[in-house]
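Chain A is the first sequence line, chain B the second, and so forth, proteins listed ahead of strands; every chain is numbered from 1. Heavy-atom basis, side chains included; hydrogens, waters and symmetry copies ignored.
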Amino acid sequence: DAGVIQSPRHEVTEMGQEVTLRCKPISGHDYLFWYRQTMMRGLELLIYFNNNVPIDDSGMPEDRFSAKMPNASFSTLKIQPSEPRDSAVYFCASRMTGRGLGKNEQFFGPGTRLTVL
Amino acid sequence: GEDVEQSLFLSVREGDSSVINCTYTDSSSTYLYWYKQEPGAGLQLLTYIFSNMDMKQDQRLTVLLNKKDKHLSLRIADTQTGDSAIYFCAETTYSSASKIIFGSGTRLSIRP
C-alpha cells in the first residue's frame, strides 16, 4: 500500500494567492483528518471527515480555510487568500473504523510544507 | 476538557535510557499513544496502551500508565542516534472517540 499521499510536498506562494493542498487517503479508510503543524502552536487538528462528510471543523482557523472531500479517495484543503501566518506544514491522516474501541491508529502523510511570502 | 501536556525538549547520551513524560486531563481516556515524527516526515504510531493497563513493553520501549495521576511515560532503553525525533503523546477518550488529542511533542536529541 502506498500510504497516505499528499501533494505538493512543498509550496511557496505570495500573500493573497489561493493555495490548494491535496490528499489521497489509504484505500478503505473512512476517516480523513487535516492537521497543521507550527513551532508556535504544535500540531492542530483543523477538520476531519467520516465517509466523506465533515464531522468537526471547529479547528479551521478562519473563513479563508475550506476543505472538501468529494469522494472516498480525495480531499482538498484550500486557503484563499493566503497570508504569511498560514506558513506551516499541513498533514493529512486517515484511519479505518475499528471494531468497538479499536486503537484508532491514524496513518499520516508526509505533509505539505507551505511558505507564504 | 481534553488536554495533553509534555515537555518540549530532552537530551540524552547515546546508550543511556530516555524517559519522556506526559500528563493528560481527561479521565475518560480509552487509548493512550506515543507517535514518533522523524525529520521531514509525518507522524508514525510507535506504541499504544489501553487505559486499563499499567505497563506495556515492546523490545526497547516501555510504556507506563498511572491513571490516578493521569501520567504516561515512554522509556527507550539503550537510546541510539536513530531515536532522534519528536515524540508525541496522545489520547482518545469516550467523549471524542473519533479523533486523537495530541500533545505538543518532545524533541529528543542524542549526544555522543
Side-chain angles (χ1 to χ4, degrees), chain A residues 2-7 9-10 21 23-26 29-51 53-60 88-113, chain B residues 1-9 20 22-24 26 28-53 56 58 61 63 65 72 85-107 109:
Chain A
V4 175
I5 299 172
Q6 291 187 248
S7 64
R9 292 294 312 276
H10 301 272
L21 311 181
C23 175
K24 177 178 166 53
I26 293 173
H29 283 193
D30 56 343
Y31 279 87
L32 184 140
F33 303 81
W34 281 101
Y35 292 90
R36 176 172 69 175
Q37 185 179 33
T38 61
M39 290 290 289
M40 293 295 294
R41 301 172 71 95
L43 191 67
E44 302 173 275
L45 175 64
L46 301 177
I47 186 172
Y48 75 94
F49 296 82
N50 179 219
N51 291 323
V53 176
I55 302 300
D56 183 354
D57 65 355
S58 59
M60 295 286 262
V89 180
Y90 290 81
F91 289 104
C92 176
S94 71
R95 75 165 177 88
M96 183 187 307
T97 296
R99 283 182 166 181
L101 288 176
K103 69 174 188 254
N104 287 346
E105 179 179 359
Q106 290 185 18
F107 295 81
F108 281 74
T112 295
R113 182 174 294 277
Chain B
E2 306 151 338
D3 196 16
V4 178
E5 294 195 358
Q6 51 186 129
S7 54
L8 292 180
F9 300 100
I20 304 172
C22 166
T23 56
Y24 58 96
D26 196 322
S28 69
S29 294
T30 52
Y31 282 90
L32 294 119
Y33 311 84
W34 286 103
Y35 275 77
K36 178 182 181 182
Q37 183 183 26
E38 296 184 350
L43 282 68
Q44 264 192 308
L45 181 64
L46 192 60
T47 186
Y48 68 98
I49 188 168
F50 191 47
S51 57
N52 67 354
M53 297 169 63
K56 181 177 181 180
D58 183 2
L61 306 178
V63 178
L65 175 60
L72 182 75
I86 302 176
Y87 291 82
F88 289 87
C89 174
E91 66 169 350
T92 51
T93 66
Y94 283 103
S95 59
S96 58
S98 297
K99 60 184 182 182
I100 296 177
I101 311 299
F102 286 91
S104 54
T106 299
R107 184 179 295 273
S109 63

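The backbone N or O of B:Lys36 sits nowhere less than 3.5 Å from a side-chain atom of B:Gln44 that would complete a donor-acceptor pair.
When each of B:Val4, B:Leu65, B:Leu32, B:Thr106 is checked for a side chain to side chain contact (heavy atoms under 4.5 Å, CB included) with B:Cys22, only B:Val4 meets the rule.
Of the two parts of A:Arg9, only the side chain, counted from C-beta on, holds a non-hydrogen atom closer than 4.5 Å to a non-hydrogen atom of chain B. Looking at A:Arg95, the atoms closer than 4.5 Å to chain B (heavy atoms on both sides) all sit in the side chain, from C-beta outward. Interface residue A:Asp56: only side-chain heavy atoms are found under 4.5 Å from chain B. With a 4.5 Å cut-off on non-hydrogen atoms, B:Gln37 touches chain A through its side chain but not through its backbone. Neither the backbone nor the side chain of A:Gln6 comes within less than 4.5 Å of any heavy atom in chain B. Only the side chain of A:Tyr35 comes within contact range of chain B, judged by heavy atoms closer than 4.5 Å.
Between the side chains of B:Tyr33 and A:Gln106, no donor N or O sits under 3.5 Å from an acceptor N or O.
Between A:Leu45 and A:Trp34, the shortest heavy-atom contact is CD1-O, 3.6 Å. Among all heavy-atom pairs drawn from A:Phe108 and A:Val4, the shortest one is C-CB, 4.1 Å.
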